[in-house]
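One-based numbering, in listed order, for ligands and for the atoms of each. None of these values were measured; they are calculated from a predicted model. Reckoned from all heavy atoms, side chains included, excluding hydrogens, waters and symmetry mates.
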Amino acid sequence: MRNKSLVSITDYSKEDILEILRMAALFEANPVSKLLEGKVVATLFFEPSTRTRLSFESAVNKMGGKVIGFTDASSSSVSKGESLNDTIRTVACYSDLIVMRHPLEGSAKYASEVSNVPIVNAGDGANQHPTQTLLDLYSILKTQGTLDNLNIFLIGDLKYGRTVHSLLMAMTHFNPTFYFISHEKLRMPEEYKMHLDKHNIKYHEYEQFKDIVDQADIMYMTRVQRERFSDPMEYEKTKNTYVLKNKMLKNTKDNMRILHPLPRVNEISIDVDENPKAYYFEQALNGVYTRQAIIAAILGLELKFS
Ligand code: CP
């Protein structure tokens, strides 16, 4: 992991993933340190973000580092026509690590090829969101006590959802059974199902889930993402398919937890928020510890806490 970009969750082996989760637990116990003193992390967000950007920036601040960057490319020289190549090569002169979110699939890989410092993909279009996956895995491990042999429900936008794509790839190491629940127009793409077939991972596809909720260990809800649709009618047809309400959780297992990468629109009713099985805000907090671990692993920091 040291000095390597994190573009796709497949850049990390099972052992790498477990090492990041072990380090995240250390950061949860020791969130404030000076490990990043003298280091600069750049956050370049060409797309909106609340959790990913702010949890990365919180992670850097808590470790005594400095953050530079932009939250809107229109305030940078991109608005004058500067290329991604030139932007990355320039920002690499000013920083030790670049965290980038960009709407184009493959942009993080491209950036990693032209950058002199490691790139962390904070989401590239509908493709991958590997740091979200690592915090999702940390959340699953904390709530279930294991990552192995779990029943994982993926619900909502499985076609364009980069978080579910990355999570599926990572969970392949841990023999899950997946339940894909989506509108027929938002099904899990074939390439991901082929990946599961190749690794003998079981999956089932449904359009509804009320009769099977009792089987879930994790219900991973996702937003139908208006910004990914080229056809607005397709968004209108699919946007209200799944709304999770508190009364639907009656027959769920005691250990079951509801995760959501957030932001939500209406797919989880607010009456679920007070249910102890709702875990999405704790999941967002886990993002700080996990991102501290990712930064430390890539920069090769020795985890000494006073
Ligand atoms: N989960 C996530 O990526 O949230 P943001 O879009 O707010 O960063």
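- Between the side chains of D11 and S8, no donor N or O sits under 3.5 Å from an acceptor N or O.
- In the vicinity of T50, heavy-atom distances shorter than 4.0 Å reach the ligand 1 atoms 5 (P), 7 (O), 8 (O).
- Residue, atom and distance of the protein heavy atom nearest to atom 6 (O) of ligand 1 are R101 NH1, 2.9 Å.
- Among the atoms of P261, some N or O lies under 3.5 angstrom from an N or O of ligand 1.
- In the hydrophobic cluster analysis, where Ile, Leu, Val, Met, Phe, Trp and Tyr join through side-chain heavy atoms closer than 4.5 angstrom, I268 is grouped together with M256.
- In this structure the side chain of F174 never reaches within 4.5 angstrom of the side chain of T146, judged on heavy atoms.
- Aromatic ring centres of Y220 and Y279 lie farther apart than the 6.0 Å criterion allows.
- Residue V164 is not grouped with residue I181 when hydrophobic side chains (ILVMFWY) are merged at heavy-atom distances under 4.5 angstrom, including chains of intermediate members.
- Below 4.0 Å from some heavy atom of T52 lie the following atoms of ligand 1, by number and element: 2 (C), 3 (O), 4 (O), 5 (P), 8 (O).
- At a 3.5 angstrom cut-off on N or O pairs, R53 does not count as close to ligand 1.
- Residue contacts with ligand 1, taken as heavy atom pairs separated by less than 4.0 Å, involve L262 solely via the backbone atoms N, CA, C and O.
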